[in-house]
Amino acid sequence: MQTQILVMDFGSQYAHLIARRVRDHGVYSEVVSNSVTVKDIMDAYPDLKGIILSGGPDDVVEKDAPQCDKKIFDMGVPVLGLCYGHHIIGHYLSGKVGLGAGREYGMTKLKVVKQDGILKGFDKTENVWMNHGNSVTALPNGFEIAAKTDDCIAVIQNREKGIYGVQFHPEVTHTKKGKVLLKNFVFDICSCKKDWSMEHFIAYEIERIKEQVGKRRAIIGLSGGVDSSVVAVLASKAIGSRLTAVFVDTGFMRLDEPEFIKKAFSSWDMKLEMIDARERFYGALKGVVDPERKRKIIGELFIKVFDEVAIREKAGILMQGTIYPDRIESGGSKNSSVIKSHHNVGGLPKDMKLELCEPLADLYKDEVRAVAKKVGLSSELAMRHPFPGPGLAIRIIGECTFENVEVVKRANHIVLDELRKAREYDNIWQAFAVLLPVKSVGVQGDARSYKKVVAVRLVNSVDAMSASFSKVPYSLLENISTRITNEIKEVNRVVYDITNKPPGTIEWE
Ligand code: XMP
């Protein structure tokens, strides 16, 4: 059994990031709610080596603030409290928590008093990232100060009991020595072994899928993206041909996508259903130009088609490639506030009454890409850019006629092809072409032309919440533009989109 570190979530947007950072050190970690009891923990985590209490937006002394089982401090495993978790330690163990000398937001100078233990490897002063109003203003009994700032007691410790409180955020990259602090806690203080890897994750999830599905059948919607592909492979390894993977060809997919999917999945042990629904989708979108209507029509029809297969296959389980950022965007953590409602239309048949199985729900995208490579998916698939559920339909400004779809599909392919040739594909979050509803005058050969305009969109982003247009070399843009106008006879002009998000979104519709 692997050693485990639990992160108790008090409503921080960073709770999962803390677990992620621990996993980066090769130690298994997962997030639990602040409402779990010591008994729950002992039953479920026999090899528990330590607990980290996350931050959170509340004021610990308020009546309704999130609490936890006080007995965690007597379990005999080390506890590290971060920000709100630090306040929990101060508040529960007879210290004082209040506004203190002042609030601190952003980069703050830390003055280290004890350069060992949890702060081993720290210099006398370090930059740390703060985000707090309250702080611990009086030490709990048996604690000492290990570091402070001009305005607060920043690190407290009771080494004998193995309890540590830290006001700053070691999990964010702005805190340069944050990784060092977590490493000290996990290995020196909790005595964890470096015994977790993606291989363990894969083996563990395959077992879990087997257990959940039992003797039933499961179904998964393959979108051609890395998340659903990884889940399909894990499920194939777990339940083989009792998995039906469904690819719905809406007609608005990337060039040669059905062939790509067949090639990627036909050798895996699963039932692969390719549904050609192009006519239904084109029919449903006839005459529709409003972006929201397009999305709604496509989403509803997709669910209908998918539903028909699920009934036919007598599936009891719906496998989904939901990853952690999808959940946080939809307000996935109980105490955190909703940031934005995720608009995934590709695979959310909520009214299908199928039981959900989401093996990647705690992972970040780059972890999923690492799993993809480990389970043997091609690196082309593992590194694919995100692609929206409604597909090319929302990259045609105007009606999705067959001709328009063909133009944008080929232009899109040229953009991706040139990016790969220039070895820029992996440096960019997303790249695509958009067909505009205008024509412009040009000159081609000796003749005047009056043809369509394509916009090229290349963006860099970390999480798609914000994005900046990519500053790629002009020569690359020139190659893209030349190829599009040479190879697509309906187009005589290409423009580059230089809008960031905000104010623009990544997609045009
Ligand atoms: P926006 O356009 O909102 O997009 O800046 C952010 C990211 O989400 C993708 N996107 C979607 N993905 N279904 C999806 O699965 C959708 O309806 C959808 N709309 C946008 C977009 O491509 C970008 O990566």
Side-chain angles (χ1 to χ4, degrees), residues 220-231 246-248 250-254 257 261 281 284-285 288 290-303 305-306 318-330 332 338-350 358 360-361 364-366 368-369 383-397 400 408-409 411-412 415-416 419 425-435 455-470 497-509:
I220 182 165
L222 278 180
S223 71
V226 60
D227 307 338
S228 61
S229 299
V230 166
V231 173
V246 187
F247 174 76
V248 180
T250 60
F252 309 128
M253 321 303 281
R254 286 164 279 202
E257 188 69 4
I261 294 283
F281 278 87
L285 284 187
V288 177
D290 177 70
E292 283 311 304
R293 274 200 67 214
K294 277 185 195 170
R295 278 176 182 276
K296 201 161 179 289
I297 291 169
I298 294 173
E300 282 170 6
L301 187 52
F302 186 93
I303 290 170
V305 173
F306 195 75
L318 174 65
M319 312 282 316
Q320 286 215 121
T322 316
I323 64 172
Y324 178 65
D326 300 336
R327 295 198 292 139
I328 191 75
E329 282 184 13
S330 325
V338 174
I339 298 167
K340 105 174 184 190
S341 181
H342 195 60
H343 47 191
N344 188 350
V345 294
L348 292 176
K350 279 221 175 75
E358 301 179 313
L360 310 180
Y364 285 80
K365 195 77 164 186
D366 57 326
V368 178
R369 293 198 199 280
M383 298 308 292
R384 261 183 149 189
H385 290 176
F387 187 71
L392 301 176
I394 57 161
R395 293 177 180 170
I396 293 166
I397 315 306
C400 301
V408 81
K409 192 180 276 187
N412 193 61
V415 172
L416 301 181
L419 237 58
Y425 184 89
D426 291 346
N427 301 329
I428 282 175
W429 170 266
Q430 216 170 351
F432 54 90
V434 181
L435 182 62
V456 173
R457 181 93 167 122
L458 311 178
V459 295
N460 287 86
S461 176
V462 176
D463 53 9
M465 304 288 281
S466 62
S468 52
F469 77 87
S470 308
D497 182 350
I498 53 168
T499 318
N500 293 334
K501 172 183 180 176
T505 48
I506 294 177
E507 304 289 346
W508 276 47
E509 290 200 331

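Keep in mind that what you see is a predicted model, and the values were worked out from it rather than measured. Whatever order the structure lists them in is the order used to number ligands and atoms, beginning at 1.
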Checking Leu392 against Phe387 for the side chain to side chain contact (heavy atoms under 4.5 Å, CB included) test, could you report, in this order, the C-alpha distance in whole Å, the side-chain angles of both residues, the deciding distance, and whether it holds?
CA-CA 9 Å; Leu392 301 176; Phe387 187 71; 4.1 Å; yes
NZ/NE/NH1/NH2 to OD/OE distance under 4.0 Å, Glu509 and Arg395:
no
Basic-acidic side-chain contact under 4.0 Å: Glu507, Lys294:
no
Mark up the atoms of ligand 1 that fall under 4.0 Å of a heavy atom belonging to [X], in ascending order.
{"X": "Glu507", "result": "2 (O), 20 (C), 21 (C), 22 (O)"}
{"X": "Trp429", "result": "24 (O)"}
{"X": "Pro390", "result": "13 (N), 16 (C), 17 (O)"}
{"X": "Lys501", "result": "1 (P), 3 (O), 5 (O), 6 (C)"}
{"X": "Ala464", "result": "6 (C), 7 (C)"}

Please list, chain by chain and in numerical order, all residues satisfying ring-ring contact (aromatic ring centres under 6.0 Å, His included) with Phe469, sequence neighbours excluded.
none
Does the N or O separation between Arg395 and ligand 1 drop below 3.5 Å for any pair?
no
Aromatic plane relationship, Phe281 with Phe252 - under 30° parallel, 30 to 60° tilted, over 60° perpendicular
perpendicular
Candidate pair Ser470 and Asn460, rule side chain to side chain donor-acceptor pair (under 3.5 Å), full reasoning:
CA-CA 6 Å; Ser470 308; Asn460 287 86; 2.6 Å; yes
Candidate with minimal heavy-atom separation from atom 4 (O) of ligand 1, of Thr505, Ile506, Val459, Asp227:
Ile506
